[in-house]
Structure formats: C-alpha cells, structure tokens
Amino acid sequence: MLVLGLESSCDDCSAAVVRDEGQGPALLAMTRKSQDDLHGPYGGVVPELAAREHLLQLRGVIAGALAQAGVTLAGIDRIAVTQGPGLVGSLLSTFSASKAMAWREGIPWVGVHHLLGHLNAARFSAPDLPFPALALLVSGGHTHLYLAQDWTHLELLQKTRDDAAGEAFDKTARMLNLGYPGGPIVDTCARSASRAGAPFTPPKFRDGKASWSFSGLKTAVKMRIQAEPGLESAGAQDPRVQALCRSLQETVAAWLMKPVAAFRDETGARSLVVSGGVACNSELRAQARLTADRLGLTLAIPEPRFCTDNGAMIASAGALLEPPRDPWSLNADANLPLVFS
Ligand code: KG4
Ligand code: ZN
C-alpha cells in the first residue's frame, strides 16, 4: 500500500510517500517547507501567518513528494492527514485540501491524531517493538507520557502541569537572543560548553510524585540571566551562555526521565518510545538510552527528521487506521481528543 501523509498542524508543511506492506513502513519520499524565517522575527508562531503560508506551500510540497517518489496521485492507495490537535487555521488548510483531493480522485482518506503520528514515527526504525510501551511524546505543545498497547492505542499516564518542555528551550533561546526555534540552538550551544552551570532545583509536588512542570524552570532561567550583566546579548559563543544551555538541557532531560521507572513498574511496559521535536535533543537521547538500559526496556527514538513534525509519521499511522465510512463529514479539530474504537 502506498500512503501519502500530510502534516501541517503548526508551522511546518510536510508531505511524504510511504510504502507499507505490513512489515513496517518504508519512506519513499518526504518534503517539508519550514516557516522558521517567517515566524523568527516574532519569536514564536503567528497562527494567521502560518495558515496563510500553508495554503501557498501545500501544492508544491505535495507535488514535490510525489515527484521524488516517482508516482502520481493515481498510484496512491490512501491519503492520511493530521486532523488535530494543533492550530485550527493550519490544520484546516491541509485537512480541507486533502479531503477535496481524495474525493475528486476517489482515494481512501483518513484523519490522524497528531500524537498518534509522533508515536508511529518510531515504526520506521522499530516495526517489531515489544508492547506495551511507554511513549514519551515531547514537543513545543506537548509533554505527555502514554501507555501504548499497540501502534494505534494510547492511554494517558501523565502530562505537564503547565508549559511543554519545548517551550523551556524556545523561551530560553528567546531570552538569550539566540534565535528561533530555540531547541536546536540551545542543543548546539550546550554541546559547545566545557562545563555545565549550576543545576536547577526540581519542582516538588504535594503527592510526592515525579510530575512535570516547566514554567518555574523558565522563571529560574530568567533570574539567572538577570543576575549576570550582559548575558542576554552575549551570544552563542559565550562560555556562560553555553554553560547555562547545558544546565537547562541536562535538567529537562533528567526531569523527563524521572517518572519512567515508576511507570514501568506500574504498567509492566517492555519498551520506551521517545518522539516529538524535543526528542531531537542530544542530551535527552543519551539519557533515554541510559534509562532504557538500566530498566531493561527496548528503546525506540526516531531519527531526528522523523521526530519533528513530518508527513512520514502521519502516513505511518494512517496506514494502520481504518478509513471512516463517512469521511466527508469529518472536520479538523484543534482540540481533537484521543478516542479509539
Ligand atoms: O514536534 P514539533 O516539531 O512541533 C510541535 O508539535 O510542537 O516540536 C517542536 C519543538 C520546538 O519547541 C523545538 O524547539 C523543539 O521541538 N526542538 C528541540 C530540538 N529540536 C527541536 N528541543 C530540544 N533540542 C532539540 N535539538
Ligand atoms: Zn508535533
């Protein structure tokens, strides 16, 4: 089966052609149009600009993926598109366009939950993953730990009480005037550090659990920057900036890994999946490897190009879903819940 996967839930517009004959997905082609330059001057995604840009880019992104794969729409067996959650304008542009395309060409069409897509990014490198699996899905909008019973069923175990982990990276880069998006920049900066700065104090919760909260971390970073004259404009080459970035990412990675052991014991999970944009982070990848080895879990972290939002993960998930009987009544949903039949 050849699946065309489309993802435009936020600021990237991506299409991929994936072959799946039941042994796991194989990527034939992927295109992605980043909007980093468009949103960079604002230090964050401007929803209206993102939606408009998707409308302009979508045709070229799809045509590019089909051409790279050497197929036409007539050769596509299924179209899979992100249905939600995400920015409503961004979602609607591609969801509606793909619905029209599928209707005109008579191609079966499925809407995919964005987080199911992030989980299924791991299927490219680990199609035989042992289940149940703990799935840490961590991005600019999500910091969620799920129990996956298989590739299409997720049950929420824990999520951040406030900010997402990706925001800690993006906002730190913004406070240090390092550029946008912050995650990759902070990561590069941290890897140049000869030492880490002082660690950050983890939040404490009344129930004593290893829950997640990242808004206090943002404030702690701000206070450190304010305490060092000139730090906010010192730039990525400054050893103090590098040390701060390293402390930040060591802290985020350690906090994210903290609840894994208890949830492994509670659920009997056999694997750990880490996916979403923040899963590109070098320190998180290293700490996840150590954690998985220590706990005897099979680890699956997608290659970085499959971790950030991309069409391939949507195709990978879409290949496993049953196309709905009445697809034309479906609509994009900015707050789409995870509901499984
Ligand atoms: O999954 P994604 O592409 O989009 C959302 O669904 O949000 O994730 C984007 C997030 C941003 O916050 C970005 O800064 C972060 O992933 N990110 C990283 C790295 N690469 C991307 N965070 C830390 N280290 C990285 N190397
Ligand atoms: Zn995402």
Side-chain angles (χ1 to χ4, degrees), residues 5-14 30 32-36 39-40 43-45 47 50 54 81-87 90-91 94 112-122 135-144 146 154 159-160 163-176 178-192 214 217-218 221 236 245-256 273-288 301-314 316-317 334 336 338:
L6 304 172
E7 153 62 39
S8 75
S9 62
C10 187
D11 59 339
D12 278 342
C13 190
S14 175
M30 181 154 79
R32 176 192 271 139
K33 190 84 185 121
S34 156
Q35 297 183 2
D36 289 351
H39 302 291
V45 178
H54 287 312
V81 61
T82 307
Q83 189 177 357
L87 299 173
S90 294
L91 288 165
T94 304
V112 176
H113 193 286
H114 184 73
L115 293 181
L116 206 58
H118 275 306
L119 170 72
N120 275 268
L136 173 62
L137 306 181
V138 58
S139 69
H142 293 92
T143 304
H144 288 44
Y146 290 95
L154 288 170
K159 63 176 182 170
T160 177
D163 291 357
E167 285 182 74
F169 286 99
D170 293 332
K171 287 179 178 158
T172 296
R174 193 170 171 182
M175 288 188 274
L176 288 166
L178 294 177
Y180 170 87
I185 302 171
V186 169
D187 197 352
T188 309
C189 224
R191 276 184 281 127
S192 316
F214 293 94
L217 181 59
K218 189 177 60 188
V221 169
C245 289
R246 188 154 142 195
S247 312
L248 174 80
Q249 77 176 32
E250 285 181 359
T251 298
V252 172
W255 290 4
L256 288 173
V273 175
V274 188
S275 187
V278 179
C280 295
N281 187 260
S282 56
E283 179 66 25
L284 179 58
R285 295 174 87 88
Q287 288 203 29
I301 311 184
E303 317 172 14
R305 66 184 172 141
F306 293 143
C307 283
T308 44
D309 291 350
N310 66 86
M313 68 185 199
I314 300 302
S316 172
L336 187 71
L338 266 168

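From a predicted model like this one, the values you see are computed outputs, not experimental measurements. Side chains included, hydrogens not; waters and symmetry mates left out as well; all remaining heavy atoms used. Read the numbers this way: they start at 1 and go in the same order the structure lists the ligands and their atoms.
Nearest heavy atoms, Asp163 versus Phe214: O-CD1, 3.6 Å. The minimum heavy-atom distance between Thr308 and Gly277, with the atom names listed, is CG2-CA, 3.8 Å.
Shown in contact with Gly166 at under 4.0 Å from a heavy atom are these atoms of ligand 1, numbered in order with element: 12 (O). Listed by atom number, the atoms of ligand 1 under 4.0 Å from Gly141 heavy atoms are 7 (O).
A distance-only check finds a donor-acceptor pair linking the side chain of Thr188 to the backbone of Pro184 [under 3.5 Å]. A donor-acceptor pair under 3.5 Å is formed between the side chain of Ser90 and the backbone N or O of Cys10. Checked by atom type and distance alone, the side chain of Thr82 never pairs as donor or acceptor with a backbone atom of Glu7 at under 3.5 Å. His113 contributes a side-chain N or O that, together with a main-chain N or O of Leu336, makes up a donor-acceptor pair within less than 3.5 Å. Using a distance-only test at 3.5 Å, with no hydrogens or angles considered, a donor-acceptor pair links the side chain of Ser275 to the main chain of His118. When atom types are taken as modelled, the side chain of Asn120 and the backbone of Met313 share no donor-acceptor pair closer than 3.5 angstrom. Distance alone, capped at 3.5 Å, places no donor-acceptor pair between the Arg285 side chain and the Val274 backbone.
Considering backbone and side-chain N/O atoms, Ser282 never comes within less than 3.5 Å of an N/O atom of ligand 1. Considering both main-chain and side-chain atoms, Pro181 never comes within under 3.5 Å of ligand 1 through any nitrogen or oxygen pair. The shortest N or O to N or O distance between Gly277 and ligand 1 is under 3.5 Å. Looking at Gly140 next to ligand 1, an N or O pair under 3.5 Å apart turns up. Inclusion of Thr308 in the set of residues having an N or O under 3.5 Å from an N or O of ligand 1 is not warranted.
Remark: distances from the non-hydrogen atoms of Cys10 to ligand 1 are all 4.0 Å or more. Look at His114 and you'll find a heavy atom under 4.0 Å from some atom of ligand 1. Ligand 1 has His118 within reach: a non-hydrogen atom of the residue lies less than 4.0 Å from it.
Looking at Thr160 and Thr143, their side chains never bring a donor and an acceptor atom within 3.5 Å of each other.
Ranked by closest heavy atom to atom 11 (C) of ligand 1, the top entry among Asp309, Asp170, Leu284, Asp11 is Asp170.
The N, O or S atom of His118 with the smallest distance to the Zn ion (ligand 2) is NE2. In Asp309, the N, O or S atom that comes nearest to the Zn ion (ligand 2) is OD1.
At the shortest separation from atom 26 (N) of ligand 1 among protein heavy atoms lies Asp187 OD2, 3.0 Å. When only non-hydrogen protein atoms are considered, atom 24 (N) of ligand 1 lies nearest to Asn281 ND2, 3.0 Å. Atom 18 (C) of ligand 1 has as its closest protein heavy atom Gly183 CA, 3.4 Å.
Residue contact annotation: Cys10 places no N/O/S atom under 2.8 Å from the Zn ion (ligand 2). Not one N, O or S atom of His142 sits under 2.8 Å from the Zn ion (ligand 2).
Of the charged side-chain nitrogens involved, at least one lies within less than 4.0 Å of a carboxylate oxygen, so that Arg191 and Asp187 count as a salt-bridged pair.
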